[in-house]
Amino acid sequence: MTTAKRDTYTPETLLTVAVKVFNERGYDGTSMEHLSKAAGISKSSIYHHVTGKEELLRRAVSRAIDGLFGVLDEPGAQRGRSIERVEYVTRRTVDVLTAELPYVTLLLRVRGNTRTERWAMERRREFDQRVADLLKAAVADGDLRADLDIRLATRLLFGMVNSLVEWYRPQREGEADGAQVADTVVRMAFDGLRSGH
């Protein structure tokens with residue numbers, strides 16, 4: 001039985017288990033023993049796929065980061081007025097978050113205790129800065145209110161978006177789907193941020 005399970009284990013299925021355990025126990029509170037028990041395979045089988053716990057963390061947060069930065073490279077984030085671009089990026093960020101919920105949850109919970117965590121935090125700051133730059137450009141274009149502190153507005157916008165990891169559970173009956181959530185976030189945020197003209 002164990003042999004069949006070991007034979008069918010892949011780096012992807014191992015990553016799924018690791019992310020679940022990291023989110024439940026915290027990265028620092030997770031040992032290789034915890035991961036092997038959760039996966040139902042031996043520690044040596046895990047080492048067959050990865051060099052260790054930090055490699056699993058790197059792969060997991062990279063998946064979230066790649067999704068977020070991928071949004072910035074999409075045509076909707078590259079072309080058009082700044083206001084349209086920032087609304088597009090906000091909507092697509094919510095899409096990535098809802099599609100990759102466990103991975104983004106882990107990304108948002110890293111604390112900087114390891115080299116991988118510090119790298120992930122730096123990449124998050126870079127992403128946030130790119131969006132803040134879009135917001136600034138939309139203010140300069142006259143499409144967003146100039147009477148708001150743009151750094152504060154950026155933090156509040158991402159606070160709203162990132163809070164989804166705490167409550168959004170798509171499998172719950174009656175829960176809005178990802179598109180409904182994205183639409184609501186964009187309407188709430190940008191109806192309040194748009195200039196009155």
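Remember, it's a predicted structure, so these values are computed and weren't measured experimentally.
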S.K.: Would you check if Arg124 and Leu108 make a side-chain contact, meaning some heavy-atom pair closer than 4.5 Å?
M.R.: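 Arg124 reaches Leu108 side chain to side chain.
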S.K.: Between Arg92 (side chain) and Val71 (backbone), is there a donor-acceptor pair under 3.5 Å?
M.R.: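 Here the side-chain-to-backbone pair does not exist.
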S.K.: Quick one: pull up CG in Leu14 and CD1 in Ile46 and give me the separation to the nearest 0.5 Å.
M.R.: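 Output value for this atom pair is 5.5 Å.
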S.K.: Working to the nearest 0.5 Å, report the span between CG of Asn113 and CE of Met121.
M.R.: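 Asn113 atom CG to Met121 atom CE measures 9.0 Å (nearest 0.5 Å).
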S.K.: Looking at every non-hydrogen atom in both residues, tell me the closest pair between Leu56 and Ala18 and how far apart they are.
M.R.: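 The pair with the smallest heavy-atom distance is CD1-CB, 3.9 Å.
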S.K.: Indicate whether any N or O donor in one side chain lies under 3.5 Å from an N or O acceptor in the other, for Ser45 and His48.
M.R.: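 No, no side-chain donor-acceptor pair sits under 3.5 Å.
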S.K.: Does Gln129 have any side chain to side chain contact (heavy atoms under 4.5 Å, CB included) partners at least two apart in sequence or in another chain, and if so, which?
M.R.: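 Residues passing side chain to side chain contact (heavy atoms under 4.5 Å, CB included) with Gln129: Ala132, Asp133, Lys136.
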S.K.: Would Leu68 and Leu107 count as a side chain to side chain contact (heavy atoms under 4.5 Å, CB included) if you check the C-alpha gap in whole Å, the side-chain angles of each, and the deciding distance to 0.1 Å?
M.R.: CA-CA 11 Å; Leu68 293 172; Leu107 172 64; 4.0 Å; yes
S.K.: Closer than 4.0 angstrom, basic N to acidic O: yes or no for Asp95 and Arg91?
M.R.: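 Here Asp95 does not pair with Arg91 in a salt bridge, since their nearest N and O are not under 4.0 Å apart.
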S.K.: Could you check if a side-chain atom of Met32 sits within less than 4.5 angstrom of a side-chain atom of Leu35, using non-hydrogen atoms only?
M.R.: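 The answer is yes, as the side chains (C-beta and beyond) meet within the 4.5 Å cut-off.
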S.K.: Could you measure the distance from the CG atom of Leu106 to the CD atom of Glu117? Nearest 0.5 Å is fine.
M.R.: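 Going from the CG atom of Leu106 to the CD atom of Glu117 covers 8.5 Å.
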S.K.: Measuring from Lys43:NZ to Lys37:NZ, what's the distance to the nearest 0.5 Å?
M.R.: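 Between atom NZ of Lys43 and atom NZ of Lys37 there are 9.5 Å.
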S.K.: What pair of heavy atoms forms the shortest contact from Thr98 to Tyr168, and how long is it?
M.R.: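 Looking at all heavy atoms of both residues, the shortest contact is CG2-CE2, 3.5 Å.
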S.K.: Is there a side chain to side chain contact (heavy atoms under 4.5 Å, CB included) between Arg115 and Glu54 once you walk through the steps?
M.R.: CA-CA 9 Å; Arg115 185 181 333 181; Glu54 193 161 356; 4.1 Å; yes
S.K.: In chain order, what residues pass the side chain to side chain contact (heavy atoms under 4.5 Å, CB included) check against Arg59, with sequence neighbours excluded?
M.R.: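 For Arg59, the residues satisfying side chain to side chain contact (heavy atoms under 4.5 Å, CB included) (neighbours in sequence not counted) are Pro11, Leu15, Val50, Glu55.
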S.K.: Over all heavy atoms of both residues, which pair between Phe190 and Val86 is shortest? Give the atoms and the distance, please.
M.R.: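 Heavy atoms only, the tightest pair is CE2-CG1, 3.6 Å.
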S.K.: Distance-only criterion, 3.5 Å: show the donor-acceptor pairs between side-chain atoms of residues 155-167 and protein atoms not counting sequence neighbours.
M.R.:
from	atom 1	to	atom 2	distance (Å)
Asn162	ND2	Phe158	O	3.3
Ser163	OG	Met160	O	2.7
Trp167	NE1	Ser163	O	3.4

S.K.: Is a side-chain N or O of Thr16 found less than 3.5 angstrom from the main chain of Glu12, in a donor-acceptor match?
M.R.: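 Side chain of Thr16 to backbone of Glu12, a donor-acceptor pair under 3.5 Å: yes, one is there.
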S.K.: Side chains of residues 75-84: which donor-acceptor partners sit under 3.5 Å, not counting sequence neighbours?
M.R.:
from	atom 1	to	atom 2	distance (Å)
Gln78	NE2	Leu72	O	2.5
Arg81	NE	Asp143	OD2	2.8
Arg81	NH2	Asp143	OD1	3.3
Arg81	NH2	Asp143	OD2	2.7
Ser82	OG	Asp141	OD2	3.3
Glu84	OE1	Arg81	N	3.2

S.K.: So, Ser42 and Ser44: side-chain donor and acceptor under 3.5 Å apart, yes or no?
M.R.: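 Checked: Ser42/Ser44 side chains pair up, N/O donor to acceptor below 3.5 Å.
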S.K.: In Å and rounded to the nearest 0.5 Å, what is the CD1 to CG distance from Ile150 to Leu135?
M.R.: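 One gets 4.5 Å once the value is rounded to the nearest 0.5 Å.
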S.K.: Are Val139 and Arg145 packed together at the side-chain level, in the sense that at least one heavy-atom pair is separated by less than 4.5 angstrom?
M.R.: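 Result no, sub-4.5 Å side-chain heavy-atom pair not found.
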S.K.: Output every pair passing ring-ring contact (aromatic ring centres under 6.0 Å, His included) with a member in residues 59-117, not counting sequence neighbours, ordered by first then second residue.
M.R.: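 For residues 59-117, and leaving out neighbouring residues, the ring-ring contact (aromatic ring centres under 6.0 Å, His included) pairs sorted by first residue read Phe69-Phe127.
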S.K.: Thr90 and Glu87: side-chain donor and acceptor closer than 3.5 Å?
M.R.: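 No.
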S.K.: Locate the shortest heavy-atom distance separating Tyr27 from Lys53; write the atom from each residue and the value.
M.R.: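 Between these two residues, the closest heavy atoms are O-NZ, 2.9 Å.
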S.K.: So how far is it from Glu126 CD to Ile65 CD1, rounded to the nearest 0.5 Å?
M.R.: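 Reported value, rounded in 0.5 Å steps: 9.5 Å.
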S.K.: Considering only residues two or more places apart or on different chains, which pairs with a residue in residues 96-105 satisfy salt bridge (Lys or Arg N to Asp or Glu O under 4.0 Å)?
M.R.: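 Listed once each, the pairs are Arg63-Glu100.
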S.K.: Work out which heavy atom in Ala38 is nearest to a heavy atom in Val17; give both atom names and the distance.
M.R.: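 Nearest pair, atom of Ala38 first, then Val17: CB-CG1, 3.7 Å.
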S.K.: Apply the test side chain to side chain contact (heavy atoms under 4.5 Å, CB included) to residues Trp119 and Thr114: give CA-CA distance (whole Å), side-chain angles for both, the deciding distance (0.1 Å), then the verdict.
M.R.: CA-CA 9 Å; Trp119 168 81; Thr114 67; over 6 Å; no
